[in-house]
Amino acid sequence: MKRVLGMLLSGMLYLLQFLFCAGMYAIRHFTKSKMGMARYMVYFNKRLESFVRLPISLRSLLILLFILLLTAAVYLLRRIGKSYHSREYIPDKVLTAFYIFFGCFWIVLQNTKSYKDYYALAILLLAAFLVQILRLCKIEWGKNGKEK
């Protein structure tokens, strides 16, 4: 029963991450090709900036994400040699680190001047990061991640 629930949770996390990435693509595509969507994104950005100081919030989320990633990386690298199961998921761990570092650099280097849909993409990207980290935690601390 636990194995079925674990597989179901893993599948749901994969699906959720895929939906976040597909949503980012859809927003980017329609912002570039439809003028109404571009106008809405400008309105959306102004509304978010008036409601929340979003550049500061995004930077603090990035700092939190880097701290979380470094903590997870140190913990996971210490566990790589301890069991065979841990070594089995090295590509997934490397992909997670690459994915998060690439996304963080994108968030730091871009702004609302270069991308009208910057805030929407950044929020979806941060949500995809969180799902990726949850997937990694599920692998590491789930039933299959325990040392035998």
Side-chain angles (χ1 to χ4, degrees), residues 1-34 36-38 40-41 43-45 47-49 51-110 112 115-148:
M1 183 64 165
K2 286 183 180 181
R3 184 176 179 146
V4 172
L5 289 175
M7 289 174 54
L8 184 64
L9 177 66
S10 180
M12 287 173 46
L13 289 175
Y14 275 116
L15 180 66
L16 190 61
Q17 187 174 10
F18 174 76
L19 289 176
F20 283 136
C21 292
M24 287 179 0
Y25 174 75
I27 288 173
R28 184 73 189 135
H29 171 73
F30 286 120
T31 301
K32 285 174 71 175
S33 64
K34 303 290 183 188
M37 183 71 168
Y40 178 75
M41 281 296 139
Y43 167 73
F44 179 74
N45 290 343
R47 193 174 65 183
L48 277 177
E49 286 175 351
F51 180 66
V52 179
R53 296 186 54 103
L54 212 51
I56 294 171
S57 300
L58 279 176
R59 298 297 189 249
S60 36
L61 278 174
L62 281 176
I63 291 169
L64 179 68
L65 193 65
F66 272 129
I67 291 170
L68 181 64
L69 180 66
L70 289 176
T71 306
V74 167
Y75 176 76
L76 295 174
L77 287 175
R78 291 175 121 193
R79 287 190 52 138
I80 282 179
K82 290 190 178 179
S83 69
Y84 173 75
H85 200 283
S86 176
R87 281 180 263 145
E88 188 176 309
Y89 289 105
I90 289 176
D92 201 21
K93 294 172 186 177
V94 170
L95 179 66
T96 300
F98 175 74
Y99 181 60
I100 290 175
F101 281 129
F102 172 75
C104 289
F105 285 127
W106 181 84
I107 289 173
V108 168
L109 294 177
Q110 304 304 325
T112 55
Y115 284 97
K116 288 180 177 46
D117 51 1
Y118 171 73
Y119 289 140
L121 293 179
I123 290 168
L124 286 174
L125 193 61
L126 288 172
F129 292 162
L130 182 63
V131 171
Q132 182 76 14
I133 290 171
L134 287 175
R135 278 186 48 233
L136 205 57
C137 289
K138 188 245 172 239
I139 288 171
E140 198 60 38
W141 291 301
K143 180 180 182 241
N144 293 334
K146 290 184 181 173
E147 295 179 77
K148 295 179 181 178

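Computed from a predicted model, the values in this text were never measured in an experiment.
Under the 30°/60° scheme for interplanar angles, the aromatic rings of Tyr25 and His29 are found to lie parallel.
Judged as a side-chain contact (heavy atoms from CB on, under 4.5 Å), and not counting sequence neighbours, the contacts of Lys32 are Arg28.
Listed by first and then second residue, the side-chain hydrogen bond (donor to acceptor under 3.5 Å, both in side chains) pairs involving residues 122-134 are Gln17-Gln132, Thr96-Gln132, Gln132-Arg135 (not counting sequence neighbours).
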Listing, residues 122-131 side-chain donor-acceptor contacts under 3.5 Å, not counting sequence neighbours, or none:
none

Step by step, work out the side-chain contact (heavy atoms from CB on, under 4.5 Å) result for Ile27 and Met41. CA-CA 9 Å; Ile27 288 173; Met41 281 296 139; 4.0 Å; yes
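Atom OH of residue Tyr14 and atom CG of residue Leu19 lie 15.0 Å apart, to the nearest 0.5 angstrom.
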